[in-house]
*Asks:* 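Can you keep this structure in mind? I'll have questions shortly.
Note that the coordinates shown come from a computational prediction; the quantities given were computed from them, not determined experimentally. Numbered from 1 within each chain, the chains take letters A, B, ... in sequence-line order. Atoms considered below: every heavy atom in the structure, side chains included; atoms not considered: hydrogens, waters and symmetry mates.
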Amino acid sequence: MSAAEHRAARPDAFPANWTSRVAWIGLAVYTIYATSILDITWARFVTGLDNGAKFLARMFPPNMQADKLDLIATGMIESMQIAVLATFFGVLLSLPLGLAAARNLAPSWLAWSARGLIAIFRSFHPVIVSILFVKAVGFGALAGILALIVSSLGFVSKLFAEVVEEMNPKQVEAVRATGANFWNVLVMAVFPQVMARFVGLTVYQFDSNIRNSTMVGIVGGGGIGAPLFTAYQRFDYDVVLTILIIIIAIIMVAELVSGRIRRIFQ
Amino acid sequence: MTDAAARAPRVWTRFSPTERIARSMLYILTAAAVVWSMKAVDIIPEFLYDAPEQTADLFRRMWPFDWSFYPKAVHDALIETFHIATLGTIMAIVLALPLSFLAARNFTSNPILNFIAQFIFVSSRSVNSLIWALLFVAIFGPGALSGVLSIAFRSIGFVGKLFGEALEEAQPGPIEALTAAGAPRSMILVKGYWPQVEPAFWSVALLRWDINIRESAVLGLVGAGGIGVALDAALNNLYWDQVGLILGVIFAVVIVTEVVTSTIRSRII
């Protein structure tokens, strides 16, 4: 009896999965195809690395002159204000919008129109929305605030509606059985169940608004984005580096703080 | 009497005093932050007076869309945007997978390596994709290459963090069984970890692809290729009917992407 026959008698512990193999090969073929379509070549990459070395050399050391730091501080504070106001109003408005989109509370015509509105808000990147608001209300922080309110509305109301749909219906029925009106049901049965998750969403959105408020300035929406883009266009890469370091530091601090806040409200 | 007196102080309160103080402090802080921002933020009232008029004007200029612009400049840019988002996601996954194994504390038991991987994830997520695009355009010049790289670098943190967390939640049972059977480390990875984290992997990849389609639409504003380049040109020329067309196309693509991802998700996960 040869060794090959002996092996054939045993069932394979891990049979080959041909569907997934074909899918992986397809993905690899696509990658090669798309790379060639986009004209991404090794030569370009190597030239780029050369440029990158020059770029990094111009970035270091970061520019710490007092007048530059002043300018950056003003921009950064404005970014924070944009984030605070956009989160506040965005979250305030997503409370009714989220409730309207919850299919277990709102009548279906209202739920579907609210869902349509949310889909529109969600599909555009905050930068595109702020381009439109810059045209509507002019350059400055207001355009950025309005743009981030729209994106906060899209995100928070969608997830808030999902939270409301997942809540326990028994408490709603109990409060309703006492003859309570709609507002009483909201305050006594719905909010106590969903508020903790809502605060969590708010904190998450504040985090993401801080990130986004640093770039609405690139299209004229106020905040640190404007000085960043100007410095970039003037090839003041050392100032760009300073701004980037400050942005990263602030976002890391914001992430720590929001983790703490979430723990308090759990 | 004594019974009631003994029971009286045991009034149910929802929060302990420390919790109540922490919450009140947060409410006060929030209010203070909002008031401070309202007072300090620079809003030019003159711009606000004609805002409704400007908005109406904006929509009047956008409609009807300039459909002839679609075959000329939008179609190719749209395809490019799709490739940028997809290639960027693939590249991000390739770069993030090894890092997420380094970040998972049950796979890598070296705290220094864990920390390095976490630090890379946080830095990647802190820099916005548009800012990554600025950096890569300065290095590689305008074009799709910069777009792909900025999408990839922005996504590493997202994919790596979520996939690393999925790895940490993997059951140790199958891994111990494979170790006991004498499987090499590569086989433990493929047959022990992978089947457990595969659903998480696909859901993270699809979610990020969905986000990247949206993000890649704006990269062109700073020259990193895709439909944003056409949008930037139309905006600078004040051809609002072309802007309207591009926005409509982006909206349609985003909706289609969402339908596709939710279909795939319900099929394979």
Side-chain angles (χ1 to χ4, degrees), chain A residues 14 27 30-31 34-35 37-41 44-45 47-49 51-52 55 77-78 80-85 88 119-120 122-125 127-128 131-132 135-142 145 211-212 214-215 218-219 222 225 228-229 232 235 237 240 244 247-248 251-252 255 261 264-265, chain B residues 19 22-23 26 30 33-34 36-38 40-44 46-48 51-52 54-55 58 79-80 83-84 86-87 90-91 122-123 125-131 134-136 138-141 143-145 147-148 191 214-215 217-218 221-222 225 231 235 240 243 247 250-251 254-255 258:
Chain A
F14 299 117
L27 203 62
Y30 168 79
T31 310
T35 314
I37 284 280
L38 293 184
D39 196 26
I40 297 173
T41 58
R44 255 190 90 186
F45 189 72
T47 340
L49 288 186
N51 281 340
F55 182 67
I77 288 173
E78 195 176 50
M80 299 295 282
Q81 290 163 343
I82 292 174
V84 167
L85 289 177
F88 181 72
I120 294 175
R122 267 168 51 80
S123 58
F124 290 112
H125 197 274
V127 169
I128 293 182
I131 290 173
L132 298 181
K135 157 78 174 144
V137 301
F139 287 100
L142 184 62
I145 294 172
R211 279 158 220 248
N212 285 336
T214 58
M215 70 175 180
I218 291 177
V219 293
L228 175 67
F229 199 45
Y232 172 78
F235 304 109
Y237 292 141
V240 171
L244 286 184
I247 289 178
I248 293 177
I251 287 174
M252 282 180 179
E255 221 165 80
I261 294 179
I264 288 178
F265 276 93
Chain B
E19 277 178 331
R23 280 171 181 245
L26 268 177
T30 313
V34 171
W36 167 71
S37 310
M38 288 281 256
V41 84
D42 232 2
I43 290 173
I44 304 162
E46 283 77 15
F47 281 1
L48 271 181
Q54 289 281 348
T55 315
L58 184 70
I79 301 291
E80 194 179 57
H83 287 320
I84 289 175
T86 313
L87 259 190
I90 293 173
M91 192 172 164
V122 175
S123 337
R125 283 183 302 137
S126 302
V127 179
N128 223 300
S129 50
L130 216 52
I131 296 173
L134 283 179
L135 299 181
F136 284 118
I139 295 174
F140 294 106
L145 174 61
V148 171
K191 299 296 179 191
R214 280 161 228 237
E215 299 234 310
V218 294
L221 293 174
V222 294
L231 179 64
L235 278 169
W240 288 98
V243 174
L247 294 186
I250 292 177
F251 181 66
V254 168
I255 297 292
E258 226 175 281

*Asks:* To the nearest 0.5 Å, how far apart are CD1 in B:Ile131 and CD1 in A:Ile247?
*Replies:* 4.5 Å
*Asks:* Output the option from A:Ile77, A:Leu49, A:Leu27, A:Ile128 having the highest count of non-hydrogen pairs under 4.5 Å with chain B.
*Replies:* A:Ile128
*Asks:* Is B:Ile79 in contact with chain A via its backbone, its side chain, both, or neither, using a 4.5 Å heavy-atom distance?
*Replies:* neither
*Asks:* When rounded to the nearest 0.5 angstrom, what distance separates CG in B:Asn128 from OG1 in A:Thr214?
*Replies:* 5.0 Å
*Asks:* Between B:Leu135 and A:Leu244, is any pair of side-chain heavy atoms under 4.5 Å apart?
*Replies:* yes
*Asks:* Out of A:Val219, A:Leu132, A:Ile82, return the one with the most heavy atom pairs under 4.5 angstrom to chain B.
*Replies:* A:Leu132
*Asks:* Any chance you could measure A:Lys135, atom NZ, to B:Leu235, atom CG, to the nearest 0.5 Å?
*Replies:* 11.0 Å
*Asks:* In terms of ring plane angle, is the pair A:Tyr30 and B:His83 parallel, tilted or perpendicular, where the classes change at 30° and 60°?
*Replies:* tilted
*Asks:* For A:Ile145, which atoms come within 4.5 Å of any heavy atom of chain B: side chain, backbone, both, or neither?
*Replies:* side chain
*Asks:* Quick check on A:Thr47 against chain B: is it the side chain, the backbone, both or neither that has a heavy atom closer than 4.5 Å?
*Replies:* neither
*Asks:* Please look at B:Val34 and chain A and tell me whether the side chain, the backbone, both or neither of the residue comes under 4.5 angstrom of a heavy atom of that chain.
*Replies:* both
*Asks:* Please classify the contact of B:Met38 with chain A as side chain, backbone, both or neither, using a heavy-atom distance under 4.5 Å.
*Replies:* both
*Asks:* With a 4.5 angstrom heavy-atom cut-off, is it the side chain or the backbone of B:Glu215 that approaches chain A, or both, or neither?
*Replies:* both
*Asks:* Should the pair A:Tyr237 and A:Phe235 be assigned to parallel (<30°), tilted (30 to 60°) or perpendicular (>60°) ring geometry?
*Replies:* perpendicular
